[in-house]
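Whatever order the structure lists ligands and atoms in, that order sets their numbers, starting from 1. What you are looking at is a predicted structure, and each value in this text was computed from that prediction instead of being measured.
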Amino acid sequence: MLHTPHFLTGVVIATQIPDPVVASAVALTSHFVLDAIPHADYIDVPEITPANVVMVVADGVVALSLFFALVEPQLWGYAFVIGVMASLPDFIELPKYFSPKWATLPGIKQFSHWHGITLQFNRDLPFPKRSWSYWILGLLPQVILTVFLVSFLVAR
Ligand SMILES: [Zn+2]
């Protein structure tokens with residue numbers, strides 16, 4: 001999934017669980033649960049392309065804007081760390097886009113396989129990529145989740 005739903009899920013967890021160890025474990029678990037939902041999170045190929053860079057930057061800007069707009073400053077440190085914990089598996093995978101050797105390292109290789117092909121087996125929606133139906137269905141669960149998370153943070 002995109003960074004915004006993962007990160008905001010961690011932020012919401014931080015607002016509900018004051019124990020950092022428990023909140024971190026729940027946030028980390030949330031990442032894998034959310035990734036198992038069919039979704040679209042890259043354009044065309046999972047590689048560094050201009051379109052994917054624009055999407056990642058825009059996604060990060062949306063996540064941080066919502067964070068600073070909806071979370072009170074006294075919770076910023078804790079909520080940010082738990083938000084990062086909810087995004088951690090994607091950060092662990094990040095170096096492979098710059099150095100393919102990363103994905104061959106012991107432990108990383110198995111983790112990457114599980115986090116990708118195994119867990120996100122249903123990631124490829126039954127529509128041709130670049131089609132509107134692919135993107136609408138691929139973004140829909142993430143938009144719904146983000147709206148739910150934002151409304152939760154607003155209503156607190
Ligand atoms: Zn992931």
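- At distances below 3.5 Å, not a single donor-acceptor pair connects side-chain atoms of E93 with backbone N or O atoms of P89.
- The minimum distance between the Zn ion (ligand 1) and any N, O or S atom of D90 involves atom OD1.
- Ring pair H115/H31 is tilted by interplanar angle, where 30° to 60° counts as tilted.
- Not one N or O on the side chain of Q142 forms a donor-acceptor pair closer than 3.5 Å with the backbone of M1.
- When the N, O or S atoms of D35 are ranked by distance to the Zn ion (ligand 1), OD2 comes first.
- The Zn ion (ligand 1) has an N, O or S atom of H115 inside 2.8 Å of it.
- Taking the six-membered ring for Trp and thresholds of 30 and 60 degrees, W114 and F111 have ring planes inclined between 30 and 60 degrees apart.
- When distances from the Zn ion (ligand 1) to the N, O or S atoms of H31 are compared, NE2 comes out shortest.
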